[in-house]
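Input: a single structure, listed below in structure tokens.
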Amino acid sequence: EDKGQERGSCHRWQEKSKKGARREVEMVSLTSSDVKTWIQLFCCCSEPAFMVFYGLSPGKHMKLSPAAEEVATFFAKMLDHEYTTKEVFQKNFFKDWRKEMTSEEKSKITDLKKCDFSEMSEYFKAQSESRKAMTKEEKQKIKEENERILQEYGFCLMDNHKERIANFRIEPPGLFRGRGDHPKMGMLKRRIRPEDIIINCSKDSKHPKPPPGTKWKEVRHDNKVTWLVSWTENIQGSIKYIMLNPSSRIKGEKDWQKYETARQLKKCVDRIRAQYRDDWKSKEMRIRQRAVALYFIDKLALRAGNEKEEGETADTVGCCSLRVEHLTLHQEMDGQEYVVEFDFLGKDSIRYYNKVPVEKRVFKNLQLFMEDKEPEDDLFDRLNTSILNKHLQELMDGLTAKVFRTYNASITLQQQLNEITNSEDNVPAKILSYNRANRAVAILCNHQRAPPKTFEKSMQNLQTKIDAKKEQLADAKRELKSAKADAKVRRDEKSKKIEEQLMKLEVQATDREENKQIALGTSKLNYLDPRISVAWCKKFGIPIEKIYNKTQREKFAWAIDMAEKDFQF
DNA sequence: AGTGCAACTTAGAACGGTTCGA
DNA sequence: TCGAACCGTTCTAAGTTGCACT
């Protein structure tokens with residue numbers, strides 16, 4: 001009910017966001033999942049304890065202390081995963097597991113390879129089976145309980161608005177799984193206790209009480225930040241936050257601002273491009289490097305690429321942190337001149353592989369940057385993200401490296417939609433056009449996915465359906481021909497209907513085939529100005545539900561309210 | 001300029017419920 | 001009616017950016 005009052009025109013949003021600090025936050029309550037895990041831990045002692053078979057004394061079981069047992073169960077639950085076989089994972093796990101052992105356990109359990117977790121593993125498999133085998137009623141009951149928990153803990157009051165909290169559950173303990181080749185995989189992610197928790201709310205707010213006998217680390221009242229709760233995590237030592245859902249006012253305003261900045265860039269991108277092209281000729285190496293890096297960020301939508309501490313994370317790079325080994329220069333390749341072959345691991349260790357023809361000047365510069373360097377040397381040794389962003393800030397207020405990704409993603413969607421939407425098409429065909437435009441963006445941003453395991457089979461199934469439909473259509477056409485005049489109209493309608501169904505299936509097949517290795521979700525959620533899609537829907541009479549599901553409509557409510565059919569990015 | 005921290009956005013994997021076709 | 005495929009949701013890791021401090 002409140003939405004309508006709060007969300008009005010574009011202007012009201014702008015005014016509000018200019019004010020800066022939010023005012024009042026009242027915590028309704030914080031989840032007590034920490035309490036629950038305590039109880040669970042406690043209870044497991046009254047159950048028959050798990051055993052680890054220990055190979056040195058054949059046939060002997062070992063009853064573990066509760067702390068060592070819990071950590072062992074984390075490992076047992078993951079046994080089916082490939083990464084538990086990795087040396088780094090095992091080494092890290094075993095080291096942290098031993099820290100939880102009693103001195104007796106420590107002296108007995110000295111080699112992970114001699115531990116047999118299969119009994120534990122079976123126990124959890126059986127548990128998951130029995131969970132699956134629950135009756136409808138039991139499942140319904142759990143669902144209702146989850147809903148109750150959501151209602152009780154999942155909301156807060158900010159500036160007198162009840163807002164949904166995104167991640168209101170404290171992260172449970174477990175074994176850390178980084179992405180890619182992570183040096184810390186397998187380490188124990190420890191349990192968060194009330195003493196780790198900082199609560200942030202307004203002074204007069206009734207904030208949740210810590211579990212009996214415990215204290216929060218701190219209760220503070222900082223209205224310059226948006227988080228409600230924070231704690232420090234033990235793997236990287238970084239801070240974790242509980243924040244609001246994307247549907248909240250505070251997130252929506254930020255999102256809108258982000259796209260407005262990208263639209264600002266649209267106005268001056270020609271100037272900026274002219275400047276960096278000019279800078280390719282600079283006498284100063286640092287300026288040339290800056291200009292070539294910016295060209296990559298603009299043309300290829302690369303991320304900025306901060307330096308990372310070696311050995312703390314997986315070895316991944318972005319633009320500024322590219323190394324010589326990540327590029328191969330080809331004077332000529334497949335009939336094209338000056339081709340740069342990129343091959344590196346980006347965020348989340350997703351591979352970026354691309355062969356790009358570049359301007360001669362860029363090519364010559366790259367040769368220069370790579371001269372007399374080892375493969376593991378930085379390509380841009382006179383550049384980092386801080387230098388680059390400082391330069392961008394001078395070119396346009398609010399401009400940073402990531403704005404280029406947002407800008408290029410959104411402008412591509414807009415251009416593609418303008419170009420390929422055919423107003424004569426029916427709804428499924430128009431949606432195919434939309435998905436194709438979305439795909440162009442996903443390819444630009446390198447949002448890949450592994451082809452679904454069942455891809456080939458599901459394509460085949462679809463083809464079978466199409467063949468059957470074609471058969472059906474042929475039948476209908478024959479019947480139409482032989483039908484008497486009075487039945488013709490009815491027959492004609494019938495075959496029209498079948499034709500439409502066939503067309504729908506064929507569109508579906510094309511869409512799925514083209515989407516084989518591409519993930520659309522990330523760009524849709526984070527890079528594409530939703531007003532482009534809303535306007536497109538309005539212009540071509542497409543129901544918004546065909547483009548955005550419920551959650552997405554909630555997140556983009558501001559755009560759905562705001563954008564008219566003639567909005568252009 | 002370099003470093004480290006804090007706060008925020010972006011990301012794919014895993015999970016679990018729903019739908020669809022045999 | 002059942003299982004496979006699909007699709008949305010949850011989870012939390014992994015980025016970017018700005019700022020304080022030296």
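All chains are named by letter (A, B, ...) in the order of the sequence lines, taking the proteins before the strands, and each is independently numbered beginning at 1. All values reported here derive from a predicted model rather than from experimental measurement.
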Within the structure shown, what part of the strands sits under 4.0 Å from [X] by heavy-atom distance: base, sugar-phosphate, or nothing?
| X | result |
| --- | --- |
| A:Tyr241 | base |
| A:Ala401 | sugar-phosphate |
| A:Lys184 | nothing |
| A:Ser238 | nothing |
| A:Gly305 | sugar-phosphate |
| A:Lys143 | sugar-phosphate |

Nucleotide nearest [X] (side chain, heavy atoms from C-beta), chosen from [options]:
| X | options | result |
| --- | --- | --- |
| A:Thr226 | C:dT9, C:dT16, B:dC8 | B:dC8 |
| A:Asn389 | C:dT12, C:dG18, B:dA7 | C:dG18 |
| A:Asp348 | B:dA6, B:dC8, B:dG12 | B:dG12 |
| A:Met243 | C:dT9, B:dT9, C:dT17 | B:dT9 |

In whole Å, I'd like the distance from the [atom1] atom of [X] to the [atom2] atom of [N].
| X | N | atom1 | atom2 | result |
| --- | --- | --- | --- | --- |
| A:Ile297 | C:dT16 | CD1 | P | 9 Å |
| A:Lys240 | B:dC5 | NZ | P | 17 Å |
| A:Glu307 | B:dT3 | CD | P | 8 Å |
| A:Ile235 | C:dT12 | CD1 | C1' | 12 Å |
| A:Met185 | B:dA13 | CE | P | 14 Å |
| A:Asn526 | C:dA14 | CG | C1' | 13 Å |
| A:Met78 | B:dA14 | CE | C1' | 11 Å |
| A:Asp315 | C:dA13 | CG | P | 20 Å |

Do the side-chain N or O atoms of [X] get closer than 4.0 angstrom to the phosphate oxygens (OP1, OP2) of [N]?
| X | N | result |
| --- | --- | --- |
| A:Asn167 | C:dC11 | no |
| A:His81 | B:dA13 | no |
| A:Thr385 | C:dT17 | no |
| A:Arg405 | B:dA11 | yes |
| A:Arg303 | B:dA11 | yes |
| A:Ser386 | B:dG2 | no |
| A:His447 | B:dA11 | yes |
| A:Thr400 | C:dT17 | yes |

Return the orientation label for the [X] and [Y] ring planes: parallel under 30°, perpendicular over 60°, tilted otherwise.
| X | Y | result |
| --- | --- | --- |
| A:Tyr295 | A:Tyr276 | perpendicular |
| A:Phe168 | A:Tyr153 | parallel |
| A:Phe342 | A:Phe344 | perpendicular |

(message) Both A:Asn549 and A:Gln393 contact DNA chain C. Taking the nearest nucleotide for each, which residue is further toward the 5' end?
(response) A:Asn549
(request) Report the residue (A:Leu399 or A:Lys550) whose heavy-atom-nearest nucleotide on DNA chain C is the more 5′ of the two. (result) A:Lys550
(message) Going by side chain to side chain contact (heavy atoms under 4.5 Å, CB included), A:Lys86 matches just one of A:Met185, A:Lys91, A:His81. Which one?
(response)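 It is A:Met185, the one option of A:Met185, A:Lys91, A:His81 that forms the side chain to side chain contact (heavy atoms under 4.5 Å, CB included) with A:Lys86.
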(message) Do A:Gln264 and A:Asp397 pair up side chain to side chain, a donor and an acceptor below 3.5 Å, judged on atom types alone?
(response)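 On atom types as modelled, these side chains do not qualify, holding no pair under 3.5 Å.
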(request) Establish, yes or no, whether a centroid distance under 6.0 Å links the rings of A:His182 and A:Phe89. (result)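 Not under 6.0 Å, so no.
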(message) Tell me if the aromatic rings of A:His447 and A:Tyr527 count as close, with their centers under 6.0 Å from one another.
(response)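 Yes, close enough.
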(request) Examine the base of B:dT10 for any acceptor or donor lying under 3.5 Å from a partner atom in the side chain of A:Lys347, and report the outcome as yes or no. (result) yes
(request) Find which nucleotide of DNA chain B each of A:Asn446 and A:Glu309 is nearest to by heavy atoms, and output the residue with the more 5' nucleotide. (result)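 Between the two, 5'-proximity favours A:Glu309.
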